[in-house]
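Inspection log for the structure reproduced underneath, given as structure tokens.
Order of appearance sets the numbers: ligands from 1, and atoms from 1 within every ligand. One is the number of the first residue; the rest follow in order along the sequence.
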Amino acid sequence: MDNLQNRKLRYGIVGGGAGAFIGVVHRHALALAGQFELVCGCFSRDEENNASTGGSLGLDDARVYADFTQMAQTEALREDKPDFMVCTTRNDYHYACCKAFLEAGFHVMCEKPLSQTQAQAEELQRIAHVKGLLLGVSYVYSGHVMAMEARSLIRAGEIGEIMMVMGEYPQDWLIEMAEGANHGISTWRIDPQIAGRSNCVGDIGTHIEHSISFMTGLRIEKLCAVMDKFGAGTALDNNAAILIKYSNGATGSYWCSQVAAGYDNALKLRIFGTAGAIEFDQEKSNYLTVVRKGGAPQLWSRGRGYIGDAAAAYSRIPAGHPEGYHNAFVNLYSSFADALRDLVSGRLRPLEQYDFPTVEAGVDGVRFVEKCLESAANGNIWVKY
Ligand SMILES: NC(=O)c1ccc[n+]([C@@H]2O[C@H](COP(=O)([O-])OP(=O)(O)OC[C@H]3O[C@@H](n4cnc5c(N)ncnc54)[C@H](O)[C@@H]3O)[C@@H](O)[C@H]2O)c1
């Protein structure tokens with residue numbers, strides 16, 4: 001019986017044609033992981049781009065599809081069908097794409113946000129559960145070794161009971177747009193038809209929400225959001241400040257912005273507990289600042305002997321040779337592959353024991369956006385989760 005133990009896992013991908021951003025990152029990370037093989041794709045709605053991307057990757061023409069539903073149905077009939085599918089389109093196709101793959105019996109890894117509405121996300125969650133399929137959502141930052149180390153330290157009680165959380169994710173790529181400039185390919189993020197009802201909170205605020213929830217395990221009880229649309233004619237938010245109350249009584253403060261001059265992808269998380277604090281900065285993701293109450297702040301380095309086994313298992317090269325964004329994707333996919341192999345061989349553990357964001361994280365991310373929108377639309381009121 002093929003229990004996936006002694007071979008590479010086969011996958012198909014949607015998106016990632018020439019000129020695309022994240023689909024190409026997924027492909028590169030999957031190649032870097034060394035345990036995956038691309039067997040089919042629907043790379044772009046542009047016929048020429050689709051064909052030439054498939055050709056350049058050495059795919060059989062018959063396995064390069066113009067339409068992802070056709071890819072799902074045709075591939076499902078093959079004996080050597082993919083073990084899972086990857087969806088990297090813009091937000092507007094995530095729901096349809098995941099639905100087509102799940103209904104055809106495929107496990108799926110999807111880009112965030114899982115869908116444009118909570119109802120759609122919950123429907124995908126139901127289908128995945130009923131069919132016993134894995135549906136992962138690539139909130140990539142939790143794939144960094146030092147994000148995993150932060151989670152281990154917090155779980156072990158190293159910083160005590162969490163009291164405050166500060167999460168920020170400033171960028172500045174839309175600052176010129178607020179003055180009328182055109183940003184080409186990324187402009188879909190400010191188009192409600194493609195992005196959904198939020199731009200900034202949906203695109204990067206959700207990364208704060210997921211990273212904090214991953215590291216701390218805290219559950220949001222209520223939130224209060226201010227969502228700004230700076231610049232004339234701006235349809236969706238490009239800056240937001242969100243106050244959070246967690247169910248354990250801790251307080252959170254999140255800020256995300258695409259109009260903060262001088263910032264690239266400055267996701268930074270500071271978590272304060274009764275016994276110490278932890279600070280993670282994704283632009284310096286090989287390090288973690290750890291503070292024990294009363295002690296000097298320490299800079300922990302990935303790849304050193306003092307890192308716990310759970311996080312160290314994902315560290316691939318010696319400290320000082322930086323691992324980064326691609327490696328974080330490799331780690332998510334490695335964990336997804338572990339779960340898939342365990343599932344097929346009847347040894348699946350509870351999903352929270354794996355290290356990839358599950359469909360539950362995907363649903364949480366979409367709910368977070370909807371609750372922020374509800375708060376902002378009603379005069380920045382506190383909204384119960
Ligand atoms: N996890 C992260 O860190 C991260 C980073 C960037 C983007 N994203 C997410 O990834 C998604 C894509 O973002 P992007 O910046 O790569 O966008 P993009 O516009 O650069 O790429 C989208 C690709 O999908 C293709 N595509 C769109 N619809 C298709 C369809 N129906 N069939 C086949 N191909 C189709 C496009 O041709 C393009 O190749 C978004 O949902 C975004 O939120 C996540």
Side-chain angles (χ1 to χ4, degrees), residues 12-29 40-54 56-57 64-72 85-101 109-116 120-121 136-144 147 169 171 173-174 183-191 193-196 198-211 214 236 256 258 264-267 282-283 285 324-333 356-357 361-362 365-366 369:
I13 192 165
V14 186
F21 168 30
I22 210 70
V24 179
V25 172
H26 279 254
R27 272 200 280 110
H28 289 172
C40 62
C42 171
F43 302 99
S44 170
R45 279 173 298 173
D46 178 273
E47 200 178 328
E48 213 176 299
N49 186 338
N50 192 32
S52 65
T53 303
S56 71
L57 295 166
V64 178
Y65 296 87
D67 175 83
F68 56 74
T69 305
Q70 186 200 354
M71 176 159 105
M85 296 288 197
V86 177
C87 172
T88 70
T89 66
R90 300 162 189 182
N91 306 0
D92 51 345
Y93 282 101
H94 292 181
Y95 164 73
C97 199
C98 288
K99 195 169 175 197
F101 290 140
M109 179 64 86
C110 182
E111 257 307 339
K112 42 62 58 173
L114 179 55
S115 59
Q116 288 180 321
Q120 291 172 340
V137 182
S138 48
Y139 285 109
V140 61
Y141 300 115
S142 61
H144 286 291
Y169 195 154
Q171 303 176 326
W173 69 280
L174 272 176
H183 271 271
I185 191 162
S186 290
T187 51
W188 66 261
R189 287 178 167 78
I190 58 168
D191 179 344
Q193 294 301 321
I194 304 176
S198 165
N199 164 28
C200 189
V201 171
D203 200 36
I204 54 177
T206 51
H207 277 300
I208 304 176
E209 183 274 328
H210 178 260
S211 303
F214 170 82
L236 297 175
C256 52
Q258 296 151 320
D264 295 327
N265 278 286
L267 172 68
Q282 94 86 20
E283 291 185 344
S285 62
Y325 195 58
H326 283 99
N327 299 84
F329 273 101
V330 170
N331 296 341
L332 293 193
Y333 273 114
F356 69 93
V366 178
V369 176

Problem - Check ion pair Arg45-Asp67 (N to O, under 4.0 angstrom) - result: no
Is it the side chain, the backbone, both or neither of [X] that has a heavy atom closer than 4.0 Å to ligand 1?
| X | answer |
| --- | --- |
| Val14 | side chain |
| Tyr139 | neither |
| Asn49 | neither |
| Phe21 | both |
| His26 | neither |

Donor-acceptor pair, [X] side chain versus [Y] backbone, under 3.5 Å?
| X | Y | result |
| --- | --- | --- |
| Asn50 | Cys42 | no |
| Gln70 | Tyr65 | no |
| Ser211 | Ile208 | no |
| His207 | Tyr139 | no |
| Gln116 | Ile194 | yes |

Who gets closest to [atom] by heavy atom: [options]?
| atom | options | value |
| --- | --- | --- |
| atom 39 (O) of ligand 1 | Gly41, Gly196, Ser138, Ala20 | Ala20 |
| atom 41 (O) of ligand 1 | Asp67, Asn91, Ile22 | Asn91 |
| atom 18 (P) of ligand 1 | His94, Arg90, Arg45, Met71 | Arg90 |
| atom 9 (C) of ligand 1 | His207, Glu111, Gln282 | Glu111 |

Which atoms of ligand 1 are found less than 4.0 Å from any heavy atom of [X]?
| X | result |
| --- | --- |
| Cys42 | 32 (N), 33 (C), 34 (N) |
| Val140 | 1 (N), 3 (O) |
| Arg189 | 6 (C), 7 (C), 13 (O), 15 (O) |
| Asp203 | 43 (O) |
| Gly17 | 39 (O) |
| Phe43 | 25 (C), 34 (N), 39 (O) |

Show the atom names and distances, to 0.1 Å, of all donor-acceptor pairs under 3.5 Å that link a side chain in residues 16-27 to residues at least two apart or in another chain.
| from | atom 1 | to | atom 2 | distance (Å) |
| --- | --- | --- | --- | --- |
| His26 | ND1 | Tyr333 | OH | 2.7 |
| His26 | NE2 | Glu111 | OE2 | 2.8 |
| Arg27 | NH2 | Gly16 | O | 2.9 |

Practice task
Mind checking side-chain contact (heavy atoms from CB on, under 4.5 Å) for Tyr95 and listing every partner two or more places apart, or none if nothing turns up?
Solution key: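 Counting only residues at least two positions away or on another chain, Tyr95 forms a side-chain contact (heavy atoms from CB on, under 4.5 Å) with Lys99, Ser115, Gln120, Glu123, Leu124.
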Problem - Where Ala72 and Phe101 come nearest, the two heavy atoms and their spacing - result: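 Taking every non-hydrogen atom into account, CB-CD2, 3.6 Å.
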Exercise for the section: Please work out which of the three classes, parallel, tilted or perpendicular, describes the rings of Tyr141 and His144, given edges at 30° and 60°. Expected result: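 Correct class here is parallel.
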Problem - Heavy atom of Tyr325, distance to ligand 1 below 4.0 Å - result: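 True for this residue.
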